[in-house]
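Below is one structure, written out as structure tokens, with a few remarks after it.
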Amino acid sequence: MAAMTERSGEVQLRALLQSAQVGQLTLKVRHQLAPSDSFGSAMALMRNRSHGCALVCQDGALVGIVTERDILHGLHSGIDLDAPLESVMTSNPVTVTSRDSLFDAIALMDSGGYRRLPVLDDTGCPEGVVDVKTVTGFLVEHYADAVHNQASQAQVTARNPEGA
């Protein structure tokens, strides 16, 4: 019986994710930077605003994204803080639209190893960013009982070794 209920939950979750659109999420609007802005200014902006990414736009169109990974790679490479963002940004990032299903967005994030995806409107202009935290919040909102009724890892882990 438990296996059947678990399977039913999987089917319901899949149906929800396939029917929900990215636009239904509360998208995180990120600041837009220009490709000519400095690496150091992007780093400071992301740090001061506690954002894990910034969108890089030229004439209102998305041309790249700068993420924490890009910042770490730039720091490790010893890039000059005055270097333009275009030297460290991820150019032409994978994107979704607000009409794409949440299931498809999650699949792209999983297959590409992305934690964030820019969301574009019908004209190709950025509307925001969908990220892992937003998706998790959506799932908690729709499956609050299932999430809140789970035992914590500390509760399910044996504290004392059992002898045999």
Side-chain angles (χ1 to χ4, degrees), residues 9-148:
E10 288 176 30
V11 171
Q12 288 175 344
L13 177 60
R14 182 183 270 283
L16 173 66
L17 294 175
Q18 288 175 330
S19 65
Q21 293 182 330
V22 170
Q24 291 176 257
L25 300 173
T26 304
L27 297 176
K28 306 225 185 222
V29 178
R30 300 294 182 217
H31 292 279
Q32 296 181 13
L33 300 169
S36 59
D37 287 341
S38 73
F39 172 65
S41 67
M43 213 169 48
L45 176 77
M46 289 168 59
R47 181 174 178 250
N48 292 337
R49 303 267 166 86
S50 295
H51 290 173
C53 73
L55 300 178
V56 183
C57 299
Q58 182 101 33
D59 300 323
L62 182 74
V63 295
I65 187 171
V66 177
T67 67
E68 294 163 325
R69 290 179 189 175
D70 296 321
I71 297 292
L72 290 173
H73 180 70
L75 289 171
H76 182 262
S77 301
I79 205 152
D80 186 342
L81 294 179
D82 293 326
L85 276 182
E86 59 195 350
S87 64
V88 294
M89 72 182 190
T90 300
S91 299
N92 303 311
V94 174
T95 63
V96 292
T97 69
S98 56
R99 291 185 321 279
D100 285 328
S101 76
L102 195 49
F103 185 85
D104 290 339
I106 292 169
L108 279 173
M109 292 169 87
D110 181 49
S111 66
Y114 310 123
R115 289 180 277 182
R116 298 165 183 85
L117 288 176
V119 181
L120 304 181
D121 66 15
D122 294 336
T123 65
C125 293
E127 286 188 304
V129 175
V130 62
D131 58 15
V132 172
K133 187 175 181 180
T134 305
V135 172
T136 303
F138 177 84
L139 293 174
V140 168
E141 181 181 313
H142 285 82
Y143 287 94
D145 290 341
V147 172
H148 294 300

Only pairs under 3.5 Å count here: list side-chain donor-acceptor contacts from residues 79-88, not counting sequence neighbours, and write none if there are none.
from  : atom 1 : to    : atom 2 : distance (Å)
Asp80 : OD1    : Asp82 : N      : 2.9
Ser87 : OG     : Pro84 : O      : 2.6

Could you give all pairs that pass the side-chain hydrogen bond (donor to acceptor under 3.5 Å, both in side chains) test and reach residues 102-115, with sequence neighbours left out?
->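 For residues 102-115: Ser101-Asp104.
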Tell me, please, which residues at least two apart from Arg99 pass salt bridge (charged side-chain N to carboxylate O under 4.0 Å, His left out).
->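 Arg99 satisfies salt bridge (charged side-chain N to carboxylate O under 4.0 Å, His left out) with Asp122 once adjacent residues are dropped.
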Under the ring pair (Phe, Tyr, Trp, His ring centres under 6.0 Å) test, residues paired with His73 that sit two or more places apart = none
Tell me, please, which residues at least two apart from Phe103 pass ring pair (Phe, Tyr, Trp, His ring centres under 6.0 Å).
->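 Residues passing ring pair (Phe, Tyr, Trp, His ring centres under 6.0 Å) with Phe103: none at all.
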side-chain contact (heavy atoms from CB on, under 4.5 Å) against [X], all qualifying residues, sequence neighbours excluded:
X      : answer
Leu62  : Leu55, Cys57, Pro93, Thr95, Pro118, Leu120, Pro126
Ser38  : Ser41
Ala61  : none
Ile106 : Leu17, Leu102, Val135

Can you list everything that forms a side chain to side chain donor-acceptor pair (under 3.5 Å) with [X]? Sequence neighbours excluded, please.
X      : answer
Asp37  : none
Thr123 : Asp121
Arg69  : none

Evaluation steps, side-chain contact (heavy atoms from CB on, under 4.5 Å), between Val94 and Leu117 = CA-CA 7 Å; Val94 174; Leu117 288 176; 4.1 Å; yes
Minimum heavy-atom distance [X]-[Y], with the two atoms named:
X     : Y     : value
Gln58 : Val63 : CB-CG1, 3.9 Å
Ser19 : Gln24 : O-OE1, 3.9 Å
Gln21 : Ser98 : CB-O, 3.5 Å

Between atom [atom1] of [X] and atom [atom2] of [Y], what is the distance when rounded to the nearest 0.5 Å?
X     : Y     : atom1 : atom2 : value
Met43 : Arg47 : CE    : CZ    : 9.0 Å
Leu72 : His76 : CG    : NE2   : 10.0 Å
Ile71 : Met46 : CD1   : CE    : 5.0 Å

Among Val119, Thr134, Asp131, the one residue meeting side chain to side chain contact (heavy atoms under 4.5 Å, CB included) with Leu25 =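 Of the listed options, the one satisfying the test is Thr134.
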Distance-only, no hydrogens or angles: does the Gln18 side chain make a donor-acceptor pair with backbone N or O of Ala15 under 3.5 Å?
-> no
Test Leu45 against His51 for side-chain contact (heavy atoms from CB on, under 4.5 Å), laying out the working first.
-> CA-CA 8 Å; Leu45 176 77; His51 290 173; over 6 Å; no
Salt bridge between Glu68 and Arg116, side-chain N to carboxylate O under 4.0 Å?
-> yes
Go through the steps for Val66 and Val56 under the test side-chain contact (heavy atoms from CB on, under 4.5 Å), then give the verdict.
-> CA-CA 7 Å; Val66 177; Val56 183; 3.7 Å; yes
